[in-house]
Each structure stands twice: as structure tokens, then as C-alpha cells.
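Note that the numbering runs from 1 along the sequence shown for the chain. Start at 1 and go down the list; that is how both ligands and their atoms are numbered.
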Amino acid sequence: MSEGSLNAPTRYPLNWEDPAFTDWEALNDEMERVFDICHGCRRCFNLCDSFPKLFDLIDESESGELDSVDRAAYKPVVDACTLCDMCFMVSCPYVPPHEFNIDFPHLMLRYRYAERKLGKHKDGLEAEITKTDRNGKLAAKVPGLANWASRTENKLTRPLIEKVAGVHREAALPKFHGKTLTLRAKSEVPEVNKEAPAYGRKAVIYATCFANYNNPEIGIAARKVLAHNGVETEVVYPGCCGMPQLEQGDFPKVSEKARHVSAELGSWIAKGYDVIALIPSCALMLKFEWPLILPADEGVATLSRATRDLSEYIVEIAGKEGLAEGLKPLPGGVALHLACHARAQNMGAKAAEMMRLIPEADVGVIARCSGHGGSWGVMKQNFETALKVGKPAARQAAKENKTFLASECPLAGEHLQQGIDRLGLTERPKIELASHPIELFARAYGL
Ligand code: SF4
Ligand code: SF4
């Protein structure tokens with residue numbers, strides 16, 4: 001069930017190869033239809049920067065209605081959408097199957113693809129920083145230099161990076177590692193606990209670009225927890241899921257990636273392995289977005305059925321077979337941010353369920369968007385807005401006053417830390433940031 005409607009939300013396939021999908025007139029008619037319903041509803045006024053932009057546009061128009069808004073002015077509304085999916089999943093009572101058929105984020109995607117197709121969009125700097133595989137491979141050769149150059153404290157390189165790549169000089173950027181997750185997985189193989197109730201399960205971990213290049217510890221912790229619970233794992237990384245390209249409405253590129261990754265993971269599924277995606281945005285792609293972009297592709301459909309989000313998989317084990325013994329309380333409690341793309345998987349708050357499996361769990365859940373929005377939030381023109389959108393979440397994270405802060409979305413965790421710094425508190429609470437709740441779960445196991 002959608003959190004905003006009484007029916008289970010449905011998403012229709014994105015018919016991006018149909019010429020009608022990019023018919024500019026038809027698209028603008030659809031934008032006007034949807035914007036008019038939003039104008040009458042306004043429930044999403046404080047979710048992000050897109051809706052305030054839309055409502056200001058209407059309120060400041062001659063008639064105060066959409067009929068006097070120039071259609072060319074729709075673009076900033078589209079550009080401000082980070083595709084967090086919160087309006088679709090959390091607020092909107094009019095998502096399909098409701099006859100109003102409102103899927104705001106997918107409409108923004110359609111607009112972006114149409115711009116691309118009609119030559120109204122040229123790939124800019126954002127496209128360069130979202131080439132995660134190319135950048136990850138390059139930085140893995142010189143991780144010390146890459147991390148030195150990308151530190152926010154580096155007053156020499158960050159202004160230069162801002163100028164050349166358009167990345168705001170104060171935006172925290174992920175670190176790079178010479179030893180990627182796939183490399184470490186070859187030598188760091190945890191022993192499988194044959195006494196665990198779930199012994200016999202086999203899972204292939206889809207490393208994801210973030211865990212592979214930027215934070216291998218997430219994958220290492222996941223493997224340890226799974227092995228302790230009797231699950232034999234392999235780590236594979238055929239390539240990025242294409243979420244950064246989806247954000248830019250580049251359906252052809254996302255399709256290419258979906259075909260490639262699903263073929264590689266399909267060979268593991270055929271051998272009886274479950275598939276676990278480490279990062280929620282990537283799980284969302286494998287489970288839901290790819291099948292809507294390539295609805296006739298059997299490999300993509302098979303992968304969608306076999307994929308679990310990491311927290312979802314742990315909770316599934318706890319419910320079906322039961323967890324292995326050994327969890328100990330985590331002193332000080334955890335402020336847990338629910339990642340938007342975990343919520344968009346419509347599976348319930350699995351990270352919170354997982355953390356509550358720890359004895360005497362003290363979990364404060366933060367359900368607001370962090371405002372980061374992937375590559376969107378680090379760009380010079382968006383960083384301040386990203387902090388503004390995430391301010392309520394940062395405020396709550398500080399107020400929770402727990403020892404740990406964790407989000408399944410590692411970028412959101414960093415962004416919240418920066419948001420807390422900017423609150424101007426007289427006494428900034430000391431909070432230890434975990435890259436993913438699984439790291440705290442591994443710690444509770446003493447692994
Ligand atoms: S998907 Fe997120 S950013 Fe986009 S319009 Fe909806 S709430 Fe706003
Ligand atoms: S997306 Fe739905 S809930 Fe949000 S303003 Fe539009 S109609 Fe209302």
C-alpha cells in the first residue's frame with residue numbers, strides 16, 4: 001500500500017521508445033494536467049524544491065492559475081526534482097491505479113528524456129561526475145591523491161574542482177579505495193557458520209559502484225553478518241546500475257547497463273543464488289525501475305524477482321529461519337535515517353526492523369528526506385538547496401542525541417552530518433557516522 005493512498009501503488013512501464021512519449025506538445029499537455037492537480041492539492045509543498053517552485057510559478061502568474069503560466073517556465077520545476085520518489089510513495093493519494101494517474105517523478109524523467117531526444121539537452125559537467133565506473137577505476141589507481149584533492153578542507157583543489165567540474169567546494173565527496181570491494185572479497189572470505197538456522201542459503205552480493213569503489217566496508221560487514229548467519233556469499237560487480245544516468249533521463253544508457261548486469265547476475269540466479277543489492281538506490285533499479293524501462297526483457301524480470309535489499313534480506317532470515325545467536329546491545333542508541341529509495345521499494349522500514357533485532361535497541365527513526373539527491377546535491381547550483389531541504393532531517397538527527405547516526409544511503413549520512421554542522425548549535429552533539437546500518441549490526445555481533 002502507498003503511504004499516501006489506500007491502494008497498492010502501481011507504476012506503468014515507461015514507453016520511452018514510443019514516439020508519443022517525446023511528443024513535446026503531448027508532454028506539455030500532460031505536465032499541465034498533472035501540475036493543475038498538484039496546484040489544487042499542494043500536499044507536497046514541503047517535500048523538496050520542485051513543488052515550491054511550481055506553486056510560486058502559479059501564484060505569481062497573472063491569473064493565479066496554470067493557464068497564464070508560460071510552458072517554458074516548467075523547466076526549473078523539472079530540474080529541481082532529485083527523483084527521491086517521496087511524493088509518489090509517501091504523499092500522493094492519486095498515484096495509479098487512481099484514475100488521476102499521478103506519477104510526478106516519472107513525468108519529470110519523461111521531460112528530461114524528451115529534452116535529450118529533441119536536442120534541448122547537452123550533457124554537461126554533471127554527466128562527467130556521474131561516470132562512476134570510469135571515475136572509480138581512475139581514482140582506485142591513485143586513491144591517496146584523489147582523496148587529498150577531494151577533501152573539503154583542501155583550499156587549493158576544491159575551488160578548482162568547483163570551477164572545472166561544477167561541484168560545490170563545501171560538498172562532502174565520497175572517498176576512494178585502491179582495494180575495491182571485489183578485490184578484497186577475493187582474499188577476505190568469512191567462514192560460514194554451519195550451525196546457523198539459515199545455513200544452506202547462497203547469495204550473490206551485487207557490489208554497487210558506491211560500495212565497490214567508495215566504501216568496501218559495507219560489503220565486508222554484510223558478508224560477515226551473512227556468513228555468521230550461515231549464508232555463503234560471492235561478490236560480483238559487472239558495472240553500475242545506471243541510477244545516475246536515470247536521473248538525467250538517459251533511458252538508452254540505463255537499458256544498456258540493465259541488459260549487461262542482468263545477464264551476469266542471471267548466471268548466478270540460475271545456480272540457485274539469491275541476489276542482494278548493498279545500496280537502496282541500486283536495489284530500486286534492479287527491482288523496479290529496470291523492469292519499467294525494459295518490460296519485455298526476461299533477464300531483467302528474473303533479476304527483479306530474485307533481488308533483495310540488504311536490510312530486507314536480513315529481516316527475511318530473522319522471520320523465516322531465525323538469526324544466529326550473538327547479538328549484543330549497542331550502547332548509546334542509533335539515529336536511523338530511512339533512505340528515500342528504500343521507502344520507494346515499498347517493503348516497509350526494513351533498516352529499522354533490522355536494527356530493532358538488536359537486544360535493547362534504542363532506534364530513533366528519521367523519515368524525512370536528507371535532501372542530498374545523489375549527484376544533484378553536490379553540484380554548485382544545488383548544494384545550498386540540498387542543505388535547506390535536508391534541514392528538518394538534520395535537526396532531528398541532532399535532537400535524537402544518539403551515539404550513532406546511520407542511513408542505508410551513505411551519501412545521505414554524510415549530507416546529514418554536514419547539515420548538523422550548519423545548524424549552528426552551541427553544543428554540537430558528537431555522533432559517530434556509520435556508512436550503513438549493517439556496519440552497526442556487525443558490531444552488535446562483535447564481528
Ligand atoms: S520525486 Fe522527490 S524531488 Fe522529485 S518532485 Fe517528488 S518529492 Fe520532489
Ligand atoms: S504529487 Fe500528489 S500529493 Fe503531491 S501535490 Fe501533486 S497531487 Fe498532491
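Side-chain contact check for His341 and Glu408: no donor-acceptor pair (N or O, by modelled atom type) lies under 3.5 Å. Checked by atom type, the side-chain pair Asn382/Thr385 shows no donor-acceptor distance below 3.5 Å.
In this structure, Arg11 is positioned above the aromatic face of Phe88, its NZ or CZ under 6.0 Å from the six-membered ring centre and within 45° of the axis. In this structure, Arg110 is positioned above the aromatic face of Phe21, its NZ or CZ under 6.0 Å from the six-membered ring centre and within 45° of the axis.
Salt bridge annotation for Asp70-Lys75: absent, with no cationic side-chain nitrogen under 4.0 angstrom from a carboxylate oxygen. The pair Arg116-Asp250 counts as a salt bridge, with a side-chain nitrogen and a carboxylate oxygen less than 4.0 angstrom apart.
Looking at atom 7 (S) of ligand 2, its nearest protein heavy atom turns out to be Tyr94 CD1, 3.6 Å. Here the protein heavy atom with the shortest distance to atom 4 (Fe) of ligand 2 is Cys44 SG, 2.3 Å. Protein heavy atom nearest atom 6 (Fe) of ligand 2, with residue, atom name and distance: Cys38 SG, 2.4 Å.
Not counting sequence neighbours, the partners of Ala386 by the side chain to side chain contact (heavy atoms under 4.5 Å, CB included) test are Trp376, His415. Ser304 pairs by the side chain to side chain contact (heavy atoms under 4.5 Å, CB included) definition with Pro291, not counting sequence neighbours. Phe35 meets the side chain to side chain contact (heavy atoms under 4.5 Å, CB included) test with Met31, Leu54, Leu66, Tyr74, Val77, Phe104, Met108; sequence neighbours excluded.
Distances from ligand 1 to the non-hydrogen atoms of Phe88 include no value under 4.0 Å.
If you number the atoms of ligand 2 from 1 as listed, the ones under 4.0 Å from a heavy atom of Cys41 come out as 3 (S), 5 (S), 7 (S), 8 (Fe). Short contacts between ligand 2 and Pro93, defined as distances under 4.0 Å to a heavy atom of the residue, involve ligand atoms 3 (S).
Among the atoms of Cys92, an N, O or S atom falls under 2.8 Å from atom 2 (Fe) of ligand 2.
Around atom 4 (Fe) of ligand 1, the protein N, O or S atoms closer than 2.8 Å are Cys81 SG, listed by chain and residue number.
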